[in-house]
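What follows is a single structure, written as structure tokens, with notes after it.
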Amino acid sequence: MSSRKIGLTEKLVIYFLVIAIPAITIISLFAWNRAKEALLQRTKDQLISVRVEKELALQRFFDDQMLLASRLAASNNLNRLIERSIKINLTNANPSQTGAIYDSLLNEIYRVNLGSLTAFQWIWIGKPGQKSLFFNLQGSQSLHPEYTIHELEIPELKDSFKQGIIETPNNPNFPATPLTVLYPLLTNNTLLIAGIDTIQLNQLMLNRNPYNGLGKTGESYLINQKHEMITSSRFNSHKGKKIEVNTIGVTRALKNDTATGIYLDYRGLEVIGSFAPVVYSGFKGVITAEIDSAEAFASLSKFLRDLLFIGIFSFSALFIAAITIALRMTRPLRLLKEASARMALGELHQKVEIISTDEIAELTETFNTMSTAIFEKSQLIEQERQERVRNLIDGQEKERQRLAREIHDSLGQTLLAANLMLSRAKESNDTEKKELISSASELIRGSIAESRAIINNLRPPVISELGIEEAIKALCREMNLSTGLEITLKIEELPVNLPEHVKIYLFRILQEALNNIQKHAQATQVSIQFSRTASTVRLFIKDNGKGIHKLTHLKAGNGISNMRDRTQLLDGTFRIDNCGTSGSGTCITIDIPYISKDE
């Protein structure tokens, strides 16, 4: 079962698909990547802006803490009250005296803090390794603060004292605040150690407004050098827990790298984060601003849907346009195909409308020209065929007339004479009867010989009995005897597998040629040569007659037409022309193809 052929229209549409689908895909991917890059860059810029804002706010916050600590440390009243509390040993003092000093200390802290009780969560004033005053100011920022003052020994500090902000020492005796302010008082070897309020620090870093650049999932937080989150997480599942942050951003920031990138956060979710190191006095840490990638790229989902819709719409429109254009382009070809099919059915005179100005129009014009030429040629061929049929019929009629004349003039007259002699013999005496019968017998024998000659001319028995070569030789001998033509015959070995009708046609062509030479050429010598190649048999005839006139050649008589027709029936070629000097002599060349077989 033969496979279905793919038409030109289908091929054009397939080519369009092969080109359009990758093109639309590449354009869509390019647009998607550019949109993603633009959105990523915008998100990074927002995160950088938020981080820088948080850095500045944190810087101001730390400056405020240090300023408050310096003002407390520089307060003469606070230093005198501290010295007084040390001298009277508050532990052994009476309650009224202790309460008065405590109230004075709190009033001085309140005064120094310009109306607010304190920005610290707790304050420790004294010397490391000794009992000192501990001010617990938990909830001091609320409307109803709760605070206490009591004596508590300050643990020894491992590191040498440096003024500034440090991480709260990892000691169970220190309150659980992440950052601590160290500042020396005027009193000799007395320190002010204050815990920075965690609530204020968290409020500084926490973001709950979705329009501040961090959206619904973004957050900024502070991390120490131990990769521990100092400020709290905004997510409920992580609140109140000690969170260790081992992200790429924190690791790079602790190596003094400030950058923005995409990485997994402490929850294991992909985020876009901007990170930078934070160095203030004795504190070293990292500040980050992060937002979930899913939220940052959420708008890409809508963009992707729009892009897919536009891509499908564009592809459909282009597909319909491609089919329309392909049908329009191939319409002339379909018309040519239909016209060719009609020509194959015999309707040779076809005209196809020219509907374009391109190469197909040139092809259509060429087809119309070819159709006209084929039609005109077919008309000429039909006229020639009719002429040949007419000539053939005329030739057959003339041959019949010739045979009738020969039979009537020779054979008929001879038989009539013999009949008359036999009739006279009935009435004659014995001697005369014998003579008449003898003469009639001679006439009858002549008639038999003449009948055989006529039959030989119609179908030479020597071809089937002795072969084509002997038949040709016999023909040449008879022509030499009857006309006196000097005939030179040369026959190469002819194929033994020549079909019988080819042999007869060759014999008749030669016979027609010799008759023409005898009647019209006025020649005295004729040269005949048979030769062969691997696929053809050639008959070459040359005479020394008067030659053939050009007009005679173009308007050939029955003899030349018969030779040409027989040659064409054998799919051969026929050539006739003058070949002697001064236009004398005629040469006929006939090539007959044959299929060579093992001989």
Side-chain angles (χ1 to χ4, degrees), residues 33-63 159 162 164-170 177-180 196 198 201-208 212-235 237-239 241-298 300:
N33 289 328
R34 290 300 298 270
K36 186 176 181 180
E37 290 175 2
L39 187 59
L40 177 61
Q41 187 59 46
R42 188 185 71 175
T43 304
K44 287 182 177 180
D45 293 341
Q46 289 177 343
L47 291 174
I48 292 173
S49 177
V50 171
R51 177 182 56 77
V52 171
E53 180 185 350
K54 296 296 182 181
E55 283 185 79
L56 295 176
L58 187 64
Q59 179 74 32
R60 290 192 297 268
F61 179 76
F62 284 163
D63 288 342
D159 298 329
K162 288 184 180 180
I165 296 177
I166 64 170
E167 292 184 48
T168 301
N170 187 17
T177 53
L179 298 178
T180 301
I196 294 177
T198 304
L201 189 59
N202 285 338
Q203 289 176 346
L204 177 68
M205 301 301 295
L206 190 61
N207 288 272
R208 293 191 179 276
N212 62 359
L214 290 179
K216 297 179 180 179
T217 60
E219 63 176 335
S220 59
Y221 48 87
L222 196 63
I223 304 103
N224 61 20
Q225 294 188 77
K226 300 176 184 177
H227 293 258
E228 295 174 344
M229 189 183 294
I230 294 176
T231 56
S232 62
S233 169
R234 68 175 291 181
F235 302 103
S237 59
H238 291 81
K239 286 184 178 180
K241 299 180 181 178
K242 186 176 182 180
I243 302 172
E244 187 173 355
V245 184
N246 291 310
T247 64
I248 295 175
V250 172
T251 303
R252 290 178 60 184
L254 289 175
K255 296 179 181 179
N256 296 322
D257 187 7
T258 299
T260 304
I262 300 177
Y263 50 87
L264 299 179
D265 70 350
Y266 61 91
R267 299 168 296 161
L269 299 178
E270 185 182 79
V271 296
I272 305 172
S274 178
F275 47 85
V278 175
V279 178
Y280 187 92
S281 186
F283 173 73
K284 292 182 180 180
V286 175
I287 186 171
T288 66
E290 298 173 346
I291 186 173
D292 288 4
S293 297
E295 181 182 3
F297 294 137
L300 280 179

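Looking at Ile223 and Thr231, their side chains never come closer than 4.5 Å, going by heavy atoms from C-beta outward. At a threshold of 4.5 Å between non-hydrogen side-chain atoms, the residues Tyr280 and Asp63 count as touching. Side-chain contact check for Leu254 versus Pro277: every heavy-atom pair is 4.5 Å or farther apart. The shortest distance between side-chain heavy atoms of Leu58 and Leu204 falls below 4.5 Å. In this structure, the side chains of Ser233 and Ile243 come closer than 4.5 Å at one or more pairs of heavy atoms. Within the 4.5 Å cutoff, the side chain of Arg267 has heavy atoms near those of the Asp292 side chain. Considering only heavy atoms from C-beta on, Val245 comes within 4.5 Å of Tyr221 through its side chain. A heavy-atom distance below 4.5 Å is not found between the side chains of Leu206 and Glu219.
Atom CG of Asn33 and atom CG of Leu40 lie 11.5 Å apart (nearest 0.5 Å). Atom NZ of Lys54 is separated from atom OG of Ser274 by 13.0 Å, given to the nearest 0.5 angstrom. Note: Ser220 OG to Ile291 CD1 = 12.0 Å, rounded to the nearest 0.5 Å. Separation of atoms CG (Asn224) and CD (Glu167) is listed at 4.0 Å; rounding is to 0.5 Å. If you take CD on Glu290 and OG1 on Thr217, they are separated by 10.0 Å, rounding to the nearest 0.5 Å. Taken from CD1 in Ile272 to CD in Glu295, the straight-line distance is 10.0 Å, to the nearest 0.5 Å.
Nearest approach of Asp257 to Phe275, heavy atoms of both residues: O-CD1, 3.7 Å. Here the closest heavy-atom approach between residue Thr247 and residue Leu264 is recorded as CG2-O, 3.3 Å. For the pair Gln225 and Lys284, the tightest heavy-atom approach, listed with the atom from each and the gap, is CG-O, 3.2 Å. Smallest separation of non-hydrogen atoms from Ser293 and Ile262: OG-CG2, 4.1 Å. In terms of heavy atoms, Ile287 sits closest to Glu55 at CG2-CG, 3.6 Å. Of all heavy-atom pairs spanning Leu179 and Leu201, the tightest one is CD1-CD2, 4.1 Å.
A donor-acceptor pair under 3.5 Å is absent between the side-chain atoms of His227 and the main chain of Glu244, judged by distance alone. Arg252 contributes no side-chain N or O that, together with a main-chain N or O of Ala276, makes up a donor-acceptor pair within less than 3.5 Å. The backbone N or O of Ser232 lies less than 3.5 Å from a partner atom in the side chain of Asn202, making a donor-acceptor pair.
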Please report the C-alpha distance between Leu39 and Leu300 in whole Å, then the side-chain angles of each, then the deciding distance to 0.1 Å, and finally whether the side chain to side chain contact (heavy atoms under 4.5 Å, CB included) criterion is met.
CA-CA 8 Å; Leu39 187 59; Leu300 280 179; 3.8 Å; yes
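Using modelled atom types, one finds a donor on one side chain and an acceptor on the other under 3.5 Å when comparing Thr168 with Thr180. A side-chain N or O of Gln41 and one of Asp45 form a donor-acceptor pair less than 3.5 Å apart. Side-chain contact, Tyr266 with Asn246: no donor N or O sits under 3.5 Å from an acceptor N or O.
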